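Reviewing the structure listed below.
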Amino acid sequence: MTPIVVSGPAELAEESARLIAEVIRSAVSDRGPCYLALAGGDTPRGAYERLSRPPYQAGLPWPAVHVFWSDERRVPLNDPQSNFALAWGALLSRVGVPGSQVHPMPVHETDGAVAAAAYARVLEAIPRNASPWPRFDLILLGLGEDGHTASLFPGDDALQERDALVRAVQAHKPPPERLTFTLPLINAARSVLFVVQGAGKKSALEGVLRRDPALPASLVRPVDGELRFIADRAAFPPG
Ligand code: 6PG
């Protein structure tokens, strides 16, 4: 597998936004709604900010988009560490996704298992079509330096989950208390896009592209969907 490679962070934001917009437009044109799961961490900020500006700000069918998160830190939604806070500030507060179609993970739930089950119930509203799982039109993912993705970390038993849609986990990366999509849910998506930036991700990206099974991100293989990686040159240098 070869990633789409762009020169730097600005180009990564531009091209990621373009790819995301493409999926949104085709989902809405083909089926009406678009079910989108946003990635957390810092990398996607540039793409979210780019989508909040012309031509995408007014040019995309935002009222048909339903927004979820592929993982979340169990901190208040206005906490700077919150993946919701990142996406709200950079994108969702600036485009016309109806509030009823923005689905933050239930971080107020004190019990992780209760929170995971509650979000799984929210996901049940997403059409499955022929899939045994809710089918997202696009799931955005980041990549950790240890090969984690969403909040699926190496060695975590959540990697073995075959039934639940969402799991509560203790992460190696602070903050520790998190909720994450499981692999069956991720692999049911019509399209998965990894956005990878920076030299720190070079080794993990290499390992994932050669499917090193020790890396959780290597286990993302959409059953009937498209898998793409977009990276800057620092994360995927020539040669
Ligand atoms: C999170 C993420 C996580 C992230 C990677 C990369 O909540 O932290 O979902 O999987 O995507 O750790 O993080 P950066 O983009 O900050 O490098």
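These numbers come from a predicted model, not from an experiment. Quick note: numbers below take in every heavy atom, side chains included, and nothing from hydrogens, waters or symmetry partners. Just follow the structure's listing: the first ligand is 1, and inside any ligand the first atom is 1.
- Shown in contact with Gly142 at under 4.0 Å from a heavy atom are these atoms of ligand 1, numbered in order with element: 11 (O).
- Considering only residues two or more places apart in sequence or on other chains, Asp212 meets the side-chain contact (heavy atoms from CB on, under 4.5 Å) condition with Arg210, Ala214, Leu215, Ser218.
- Some N or O of Ala150 is nearer than 3.5 Å to an N or O of ligand 1, by distance alone.
- Between Phe68 and His103, the angle of the ring planes stays under 30°, which puts this pair in the parallel group of the 30/60° scheme.
- The residues Glu22 and Arg18 are annotated as salt-bridged, a charged nitrogen and a carboxylate oxygen being separated by less than 4.0 angstrom.
- In this structure, Arg167 pairs ionically with Asp157, as a charged nitrogen and a carboxylate oxygen lie closer than 4.0 Å.
- In this structure, the protein non-hydrogen atom closest to atom 13 (O) of ligand 1 is Lys173 NZ, 3.2 Å.
- At the top of the distance list for atom 2 (C) of ligand 1, counting protein heavy atoms only, stands Asp71 OD2, 3.5 Å.
- Using a 4.0 Å cut-off between heavy atoms, Leu143 contacts ligand 1 through its backbone alone, with no side-chain atom that close.
- Closest heavy-atom approach to atom 7 (O) of ligand 1 among the candidates Glu72, Lys201, Arg73: Arg73.
- With a 4.5 Å cut-off on side-chain heavy atoms, Arg74 and Arg178 do not count as touching.
- Looking only at protein heavy atoms, the nearest one to atom 5 (C) of ligand 1 is His148 NE2, 3.4 Å.
- Within the structure, the closest approach of Ala39 to ligand 1 does not fall below 4.0 Å when heavy atoms are considered.
- Every residue two or more places apart in sequence or in another chain that forms a side-chain contact (heavy atoms from CB on, under 4.5 Å) with Leu86 is listed here: Arg45, Tyr48.
- By the 30° and 60° cut-offs, the orientation of the rings of Phe229 relative to Phe194 is parallel.
- From the protein, the heavy atom lying nearest to atom 15 (O) of ligand 1 is Thr43 OG1, 2.6 Å.
- Among Asp42, Leu152, Leu86, the residue whose heavy atom lies nearest to atom 14 (P) of ligand 1 is Asp42.
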